[in-house]
Amino acid sequence: MTGTPPSPAPPAPPNVVAALPQYDVGGQIGRGGMGVVYAAVHRPLGGRSR
């Protein structure tokens, strides 16, 4: 294993952030054949969604 830290997760694109106004959308946490998954917090509920 190298001593290089992992690169930061790519941020959500602006169109994703704009489509989810009740969420604080974070960085990408997964990617696969069906799409991309971003970390998010639902502001009114204060909960984390993955």
Side-chain angles (χ1 to χ4, degrees):
M1 183 152 141
T2 66
T4 308
S7 58
N15 63 325
V16 171
V17 175
L20 301 166
Q22 291 186 332
Y23 288 85
D24 287 326
V25 181
Q28 179 180 317
I29 60 173
R31 174 180 287 274
M34 298 285 290
V36 180
V37 178
Y38 296 97
V41 174
H42 189 267
R43 277 189 238 112
L45 296 178
R48 189 168 188 92
S49 173
R50 287 192 189 209

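Positions are given from 1 along the sequence.
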* Under a 4.5 Å cut-off applied to non-hydrogen side-chain atoms, are Pro13 and Tyr38 in contact? -> yes
* **Asp24 vs Arg43 side-chain heavy atoms within contact, under 4.5 Å** => yes
* **Considering all heavy atoms, the nearest Ala12-Val17 contact** => CB-CG2, 4.0 Å
